[in-house]
Every structure is written in C-alpha cells, then in structure tokens.
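Just the heavy atoms: all of them, side chains too, but no hydrogens, waters or symmetry mates, feed the values below.
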Number of protein chains: 2
Amino acid sequence: MRSDARQNRDRVLAAARDEFTAHGAAASLNKIAQRAGVGPGTLYRHFPSAQALLVAIITEDVAALVDHGRELLGHPSPGEALRIWLRAVAVHATAMRGLVATELLGADPALAECHDRIRAVAGELSERAGVRDDVDDLLAVVSAVAWASERLPGDPGRLDRLLTLVTRGLP
Amino acid sequence: MRSDARQNRDRVLAAARDEFTAHGAAASLNKIAQRAGVGPGTLYRHFPSAQALLVAIITEDVAALVDHGRELLGHPSPGEALRIWLRAVAVHATAMRGLVATELLGADPALAECHDRIRAVAGELSERAGVRDDVDDLLAVVSAVAWASERLPGDPGRLDRLLTLVTRGLP
DNA sequence: TTCCCATCCGGAGAACCTCTCCGTATCGTA
DNA sequence: TACGATACGGAGAGGTTCTCCGGATGGGAA
C-alpha cells in the first residue's frame with residue numbers, strides 16, 4: 001500500500017472514532033471524510049460501508065480486551081476474575097454510543113474472529129469460575145445492558161447496577 | 001378533528017407499524033407516507049418526527065400490556081406472575097425490530113406516562129413476589145435483552161434463554 | 001340544499017445523506 | 001528523471017428529512 005494511502009486510511013479511522021463517539025449511529029460518512037480531510041471516494045475505497053469502518057475499529061479494541069482477559073486467568077479468585085472481565089466487556093460495548101454492542105450483537109461475519117477471541121477468553125474464565133451458562137448468552141446479556149446504559153447516559157452508575165442484576169447468579 | 005384528518009392519521013399509524021416492523025430504524029418516513037397514501041406534508045402535520053410516530057404506536061400497545069399485568073395480580077404464584085409479565089414486557093419490547101425497546105430505554109418525555117404505567121404494574125407485581133430490585137433497572141434489563149434478541153432474529157429460543165439468565169435471581 | 005371558510009392536503013424544493021465514476025494527481029520503482 | 005500503477009476526490013445520481021404555500025374540502029350555518 002502506498003504511503004499516502006496508509007496515511008489516509010489511518011486518518012479516516014481516527015475521524016470515524018471521533019464521529020461515532022460523538023454521534024453514534026447518526027454519524028455521517030460524509031462528515032467522517034471531511035473530518036479526515038479526504039474525499040468520499042477515498043473513504044469508500046478504504047471502507048465500503050459504515051459497518052466496515054466499525055469492524056476495523058472494533059477489531060483494534062478487541063485485542064486489548066482479550067489481553068486483559070488473559071491476564072485475569074491468573075487471578076486468585078476465579079469468580080471475581082470473571083466479573084471484572086465481564087465489566088470490561090460491558091465498558092467496551094458502551095463505546096461509540098453503544099455502537100460496539102450493536103455490532104457485536106449483530107450477525108456480521110466480518111466480526112467472526114473477534115467473536116471467537118472473546119468467546120475463547122470468556123470460556124476459560126467461566127470454566128475456572130465453575131459457571132455453566134452458555135458464554136454466548138452471557139456475553140449477549142452483558143452487551144445488551146451496556147447498550148441500554150448508553151440509552152440514558154445521564155445515569156453513570158446504571159451500567160454497574162444493571163451488571164450486578166444480570167450477574168448475580170454467578171459465583 | 002375533521003373526519004378526513006382522522007382517517008389519514010389512522011392510515012399513517014397503520015402504515016408506520018408495517019414499515020417499522022419490516023425495517024426497524026431504517027424505515028423511511030417517505031415510504032410510510034406512500035404506504036398510507038398521503039403526502040409527506042400530511043404525515044408531518046400529524047407526526048412531526050419518527051419518534052412521535054413511535055410514541056403513538058407504543059402508547060397504544062402499552063395499554064394492553066398493563067391490562068395483562070393487572071390480570072396477573074390475581075395469579076396464585078406471585079413469582080410466576082412476575083416472570084410471565086416480564087416475558088410479556090420483553091415480547092412487547094422486541095416489536096418493530098426492537099424499536100420499542102430502543103424507545104422505552106431512551107429519555108423521550110413523551111413516553112413518561114407509558115413508563116409510569118409500566119412501572120406501577122411492575123412495582124405491584126414485584127412487591128407481591130417479594131422482589132427488592134429497582135423496578136426501573138429490572139425493566140431496563142428485560143428491554144435490553146429483548147433488543148439484543150432482535151439483533152439475531154434467526155435464533156427463536158434466544159429471548160427465553162436470555163430472560164432466564166437475567167431473571168434467575170428472582171423467587 | 002347551498003355556501004363559505006377554517007382546516008387539511010400534498011408535492012416541489014432545499015439541504016443533507018449514501019455511493020459511484022472517471023479525469024486528475026502522485027508515489028515509488030526502474 | 002520519467003513513467004505508470006495506484007490513489008485521490010468531487011460532481012452527480014438517487015435517496016432521505018422536512019417545510020412551505022397554493023389548492024382542496026369537510027362541515028356548520030344560513
């Protein structure tokens with residue numbers, strides 16, 4: 001890839017983060033292109049859809065989330081490790097006004113690898129904690145309440161209350 | 001209100017239900033107007049925004065939901081009554097591709113009366129069941145998993161599994 | 001039954017969106 | 001330094017939301 005192409009792609013991604021963070025699903029691709037200082041044709045050549053943009057951003061962030069989960073495998077309290085990590089998953093899902101949750105709960109095959117990585121860590125943490133719940137269902141619930149808490153951003157403690165509600169059956 | 005105005009309003013509401021059911025948030029107000037057989041000016045005079053349309057539809061449906069809840073107050077098993085009703089709330093929230101959940105979890109003051117009515121029934125059912133959870137949080141969780149289950153409509157049993165997960169701490 | 005007017009209708013147009021196409025620009029290799 | 005493959009970008013097509021105002025009409029009064 002040419003250097004100007006690489007630079008433009010990075011700028012589009014950064015602008016997309018900012019626009020999605022500010023406007024969630026209402027973010028405009030034209031505005032993202034303007035913010036990145038490129039033409040719409042350039043944006044579309046790098047990312048054929050808003051979804052492709054979101055996938056690229058989410059993929060960057062899932063790496064850190066998975067690393068965090070792996071570190072928690074060494075936690076002395078398996079139940080606590082799982083709770084800490086599920087909270088990290090929830091916080092991650094609230095990003096970009098809940099768009100991360102929306103994408104992770106959808107069926108985009110482009111996120112299959114992200115799902116696999118998250119599922120693998122969730123599986124290990126759950127097993128250590130003796131939790132028998134289906135990990136996909138557990139992750140779905142956590143993402144769902146993350147998304148819900150983004151619907152009323154004026155209540156900062158809400159995410160934790162909702163998480164407490166949905167994880168009380170855990171050890 | 002004139003009879004032609006009343007008729008057009010009803011047709012717009014019916015068309016809106018159909019379009020929101022088929023397309024969720026991607027439903028177009030122009031298409032709704034076309035489907036109702038009115039001009040955009042007519043649609044906008046009756047409903048100044050998509051949100052106003054949704055509020056009108058949701059308000060119609062909440063009446064039935066609340067009636068259902070009141071009937072359940074006579075249920076011999078208070079825990080079971082609460083579960084049955086929370087499931088009804090979830091099913092209601094999945095309507096129009098999860099748009100009902102999206103709206104009920106938002107901050108639109110126009111839905112304040114709906115919230116009050118739902119909260120009142122939830123409060124009574126919870127009290128009978130000995131549940132101390134904050135009813136707003138409980139309702140939020142239920143709407144959240146309803147929305148999540150709409151993200152993957154190909155898995156019909158998912159809503160029930162997610163509901164079982166989030167309500168297991170109840171009596 | 002007719003008339004009149006307040007209420008209602010509807011569609012052209014403005015401004016924005018998504019997305020594409022193709023003439024122009026430029027990076028990088030020879 | 002030159003050239004060509006790669007990349008750019010913006011005009012334009014077709015869609016959306018939303019408004020405005022000239023025309024239509026429901027219904028009440030005479």
Could you state the [atom1]-[atom2] distance from [X] to [N], rounded to the nearest angstrom?
{"X": "Asn30(A)", "N": "dC19(C)", "atom1": "CG", "atom2": "P", "result": "10 Å"}
{"X": "Arg6(A)", "N": "dT26(C)", "atom1": "CZ", "atom2": "C1'", "result": "18 Å"}
{"X": "His46(B)", "N": "dC8(C)", "atom1": "NE2", "atom2": "P", "result": "7 Å"}
{"X": "Leu43(A)", "N": "dC21(C)", "atom1": "CG", "atom2": "P", "result": "16 Å"}
{"X": "Arg2(B)", "N": "dC8(C)", "atom1": "CZ", "atom2": "C1'", "result": "4 Å"}
{"X": "Gln7(A)", "N": "dT26(C)", "atom1": "CD", "atom2": "C1'", "result": "13 Å"}
{"X": "Phe47(A)", "N": "dC19(C)", "atom1": "CZ", "atom2": "C1'", "result": "16 Å"}
{"X": "Leu29(B)", "N": "dG10(C)", "atom1": "CG", "atom2": "C1'", "result": "16 Å"}

Hey, any chance [X] and [Y] share a hydrophobic cluster, counting ILVMFWY side chains that come within less than 4.5 Å of each other, even indirectly?
{"X": "Val135(B)", "Y": "Leu163(A)", "value": "no"}
{"X": "Val91(A)", "Y": "Leu105(A)", "value": "no"}
{"X": "Val62(B)", "Y": "Leu73(B)", "value": "yes"}

> Any donor-acceptor pair under 3.5 Å linking the side chain of Arg11(A) with the backbone of Ala36(A)?
Replying inline: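 Such a contact is found between Arg11(A) side chain and Ala36(A) backbone.
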> So, Thr167(B) side chain and Leu170(B) main chain: donor-acceptor pair closer than 3.5 Å or not?
Replying inline: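 Such a contact is absent between Thr167(B) side chain and Leu170(B) backbone.
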>> Can you see if the side chain of Ser3(A) gets near the phosphate of dG28(C) - specifically, an N or O under 4.0 Å from OP1 or OP2?
In response: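 So the side-chain polar atoms of Ser3(A) do come within 4.0 Å of the phosphate oxygens OP1 or OP2 of dG28(C), strictly under.
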> According to a strict under-4.0 Å criterion, is Asn8(B) in side-chain N/O contact with OP1 or OP2 of dC8(C)?
Replying inline: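 Looking at the OP1 and OP2 atoms of dC8(C), neither is under 4.0 Å from any side-chain N or O of Asn8(B).
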> Mapping Ala50(A) and Arg9(B) onto DNA chain C by nearest heavy atom, which one lands closer to the 5' end?
Replying inline: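 By nearest-heavy-atom nucleotide position, the 5'-most residue is Arg9(B).
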>> Do Met96(A) and Glu103(A) have side chains that approach each other closer than 4.5 Å (heavy atoms only, starting at C-beta)?
In response: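 Met96(A) vs Glu103(A): side chains apart.
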>> Reading DNA chain D in the 5' to 3' direction, which nucleotide is the first one with an atom under 4.0 Å from a heavy atom of chain A, and which is the last?
In response: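 Span of nucleotides near chain A: dT6(D) to dG10(D).
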>> Quick check: on DNA chain D, is the nucleotide nearest Asp4(B) upstream (toward 5') of the one nearest Ser28(B), or the reverse? Name the residue that is more 5'.
In response: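 Closest to the 5' end, via its nearest nucleotide, is Ser28(B).
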> Picking from Arg70(B), Arg119(B), Arg117(B), what satisfies salt bridge (Lys or Arg N to Asp or Glu O under 4.0 Å) with Glu124(B)?
Replying inline: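 Running salt bridge (Lys or Arg N to Asp or Glu O under 4.0 Å) over Arg70(B), Arg119(B), Arg117(B) with Glu124(B) returns exactly one hit, Arg70(B).
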> What residues in residues 31-42 of chain B put a non-hydrogen atom under 4.0 Å from any atom of DNA chain C?
Replying inline: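 Those residues are Val38(B), Gly39(B), Pro40(B), Gly41(B), Thr42(B).
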> Which residue, Asn8(A), Ile32(A), Ile57(A), forms the side-chain contact (heavy atoms from CB on, under 4.5 Å) with Leu13(A)?
Replying inline: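 In the set Asn8(A), Ile32(A), Ile57(A), the residue that makes a side-chain contact (heavy atoms from CB on, under 4.5 Å) with Leu13(A) is Ile57(A).
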>> Tell me if the CD atom of Glu60(A) is crowded by more than 12 foreign heavy atoms within 6.0 Å.
In response: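 Yes, CD of Glu60(A) has more than 12 neighbouring heavy atoms, counting only those of other groups under 6.0 Å.
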